[in-house]
Amino acid sequence: MTHSHLAVEAQALTRSFTVKGKPDRVALESLDICVEPGEVHGLLGPNGAGKTTLCKILSTVLLPTSGEARIHGYDVVTEAKSVRPLIGIVFGGEKGLYARMSPRRNLRFWAALYGLRRREAHQRTESLLERVGLTQRGDDPVETFSRGMKQRLHLARGLIGDPKVVILDEPTVGMDPVSAHEFRDLVEQLRAEHKAVLLTTHDMAEAEALCDQVSFIDNGRLVTRESPRSLGQMLSRFERVRAGGVNADLAAQVEALPGVAQVRRPGNDVLIAETSEDGASHRVLRALIDAGISDISTDSPSLEEVYLHLIGDRGMQVAQ
Ligand SMILES: Nc1ncnc2c1ncn2[C@@H]1O[C@H](COP(=O)(O)OP(=O)(O)OP(=O)(O)O)[C@@H](O)[C@H]1O
């Protein structure tokens with residue numbers, strides 16, 4: 001163990017997979033990441049970016065090919081036994097729940113796996129059921145639950161060992177907005193308890209609302225790491241100017257301005273210019289006004305669109 005105040009620390013973490021008859025697939029490439037206690041850290045990336053691979057390495061179920069990762073100073077490979085009690089992992093979806101058993105029995109079963117004594121297991125089960133709002137349904141079979149309820153039970157399961165680091169892989173996928181909102185409240189509580197939360201999500205609004213830091217991952221590499229505040233600043237670089245009455249010459253002139261990332265012509269005389277640099281939208285507006293155009297509006301793209309700028313045009317497609 002090394003002395004570190006960090007809850008999660010990965011350096012040059014790399015993992016490749018050998019696929020028969022194909023070149024090795026690099027799922028993670030020299031990834032650095034750190035998460036402080038009490039921090040909610042978002043992991044954003046398209047399908048196949050390497051997020052689940054990272055979560056699996058941190059939770060000791062997959063070995064890295066090279067590089068290092070530590071949980072509260074313990075190495076996930078050489079000190080896996082010390083790491084395991086410190087982490088709780090919640091994968092989205094429905095796997096891992098005993099459908100015919102009640103949530104109460106599911107939780108007691110996992111508590112026993114974690115080595116909790118009977119009395120402690122009972123107390124922890126009841127407080128977690130309360131916490132995730134399942135006390136009333138505590139004795140109903142899990143198979144009668146909605147998806148959101150199952151996700152909440154997953155979270156309770158992840159918390160049964162009172163972990164210091166909670167890894168949530170797509171926890172709100174498929175949840176209705178009300179359940180997702182309640183789930184977010186639970187994440188806020190974990191932060192207040194000074195737990196570190198690593199949250200994988202495709203949902204920009206969720207990342208923006210919940211996370212202290214957000215790491216964008218693409219093709220196994222860290223593209224950028226931002227705080228939601230700087231995400232906000234980043235958004236301000238990306239502006240969209242829409243104008244009517246613009247001829248081809250003027251459109252070409254706008255396209256050539258520094259910081260103009262893209263110009264589109266959805267209609268004959270309509271121009272939509274996307275900027276990706278501070279001050280660029282001002283230059284576009286100036287050029288349009290100087291040419292006598294008055295039909296002009298501006299707006300900011302969504303975080304999702306900014307994200308697409310960052311990772312290129314593959315968007316949420318599955319990596320090949
Ligand atoms: N066991 C495996 N064998 C071969 N390739 C794998 C294996 N596990 C993952 N990969 C590949 O590694 C890459 C990263 O996968 P990973 O599941 O970590 O991505 P992800 O970011 O979690 O994606 P998603 O958002 O779809 O869950 C992908 O190209 C995937 O096909």
Side-chain angles (χ1 to χ4, degrees), residues 40 42-43 47 51-56 58-62 83-193 195-203 205-207 209-210:
V40 179
L43 280 180
N47 292 134
K51 305 176 303 287
T52 301
T53 302
L54 175 64
C55 293
K56 283 185 176 167
L58 295 177
S59 51
T60 79
V61 296
L62 188 73
V83 169
R84 280 182 203 128
L86 298 176
I87 48 171
I89 183 146
V90 180
F91 286 109
E94 297 179 10
K95 280 192 211 140
L97 299 174
Y98 292 96
R100 298 221 177 125
M101 284 180 4
S102 67
R104 193 165 264 125
R105 288 197 56 200
N106 267 283
L107 288 175
R108 284 195 192 158
F109 172 76
W110 291 309
L113 284 186
Y114 264 88
L116 299 189
R117 287 165 195 272
R118 227 186 144 98
R119 201 191 160 105
E120 205 184 350
H122 173 76
Q123 282 170 350
R124 186 76 55 78
T125 296
E126 293 311 311
S127 81
L128 283 172
L129 282 176
E130 183 72 42
R131 189 164 182 179
V132 299
L134 290 176
T135 307
Q136 301 295 325
R137 301 287 303 265
D139 293 316
D140 294 351
V142 170
E143 61 195 359
T144 64
F145 282 13
S146 71
R147 195 173 179 143
M149 290 160 81
K150 285 179 190 161
Q151 297 286 73
R152 283 188 270 157
L153 180 56
H154 262 301
L155 180 67
R157 176 198 166 171
L159 297 178
I160 197 89
D162 196 22
K164 287 185 163 186
V165 176
V166 184
I167 299 174
L168 304 171
D169 196 4
E170 302 267 357
T172 52
V173 79
M175 268 192 197
D176 63 75
V178 175
S179 301
H181 191 266
E182 286 170 5
F183 200 91
R184 287 175 199 169
D185 287 344
L186 289 170
V187 174
E188 293 289 359
Q189 287 172 23
L190 297 177
R191 188 206 326 260
E193 287 167 21
K195 296 191 191 300
V197 179
L198 193 64
L199 172 82
T200 291
T201 179
H202 277 160
D203 184 340
E206 182 165 274
L210 274 180

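Each residue takes its place number in the sequence, starting with 1.
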Might you point out which heavy atoms bring C55 and I167 nearest each other, and give the distance in Å?
-> SG-CG2, 3.5 Å
Straight-line distance of L159 CG to D162 CG, nearest 0.5 Å = 8.0 Å
From OG1 (T201) to CG (L168), nearest 0.5 Å | 10.0 Å
Do L107 and I160 come close enough that some side-chain heavy atom pair is under 4.5 Å?
-> yes
Pairing residues for R131 by the salt bridge (Lys or Arg N to Asp or Glu O under 4.0 Å) criterion, not counting sequence neighbours = E193
Is the number of heavy atoms from other residues, nucleotides or ligands within 6.0 Å of CZ (R137) greater than 12?
-> yes
Distance (rounded to the nearest 0.5 Å) between E170 CD and Q151 CD = 10.0 Å
Atom CG of L134 and atom CG of D139: how far apart are they, to the nearest 0.5 Å?
-> 11.5 Å
Please list, chain by chain and in numerical order, all residues satisfying side chain to side chain contact (heavy atoms under 4.5 Å, CB included) with P141, sequence neighbours excluded.
-> E143, T144
Those residues that, when tested against S59, pass side-chain hydrogen bond (donor to acceptor under 3.5 Å, both in side chains) (two or more places apart) | none
Any pair with a residue in residues 106-121 that passes side chain to side chain donor-acceptor pair (under 3.5 Å), sequence neighbours left out, goes on the list, sorted by first then second residue, please.
-> R108-H122
Can you list the residues that meet the side chain to side chain contact (heavy atoms under 4.5 Å, CB included) rule with K164, with sequence neighbours excluded?
-> H72, L86
Taking all heavy atoms of P163 and all of G88, pick out the closest pair and write down the distance.
-> CB-N, 3.3 Å
Quick one: are Y98 and V142 in side-chain contact, heavy atoms under 4.5 Å?
-> no
For the side-chain contact (heavy atoms from CB on, under 4.5 Å) test, which of L190, L186, V40, I89 pairs with V166?
-> L190
When rounded to the nearest 0.5 angstrom, what distance separates OG in S102 from CZ in F109?
-> 13.0 Å
Can you name the residues that form a side chain to side chain contact (heavy atoms under 4.5 Å, CB included) with T135, not counting sequence neighbours?
-> R104, L129, E130
About how many Å separate CD1 of I87 and CG of L58, when rounded to the nearest 0.5 Å?
-> 7.5 Å
Of all residues at least two apart in sequence or in a different chain, which pass the side-chain hydrogen bond (donor to acceptor under 3.5 Å, both in side chains) check with R191?
-> E188, D212
Sequence neighbours left out, what passes side chain to side chain contact (heavy atoms under 4.5 Å, CB included) with T52? Give chain and number order.
-> K56, F91, D169
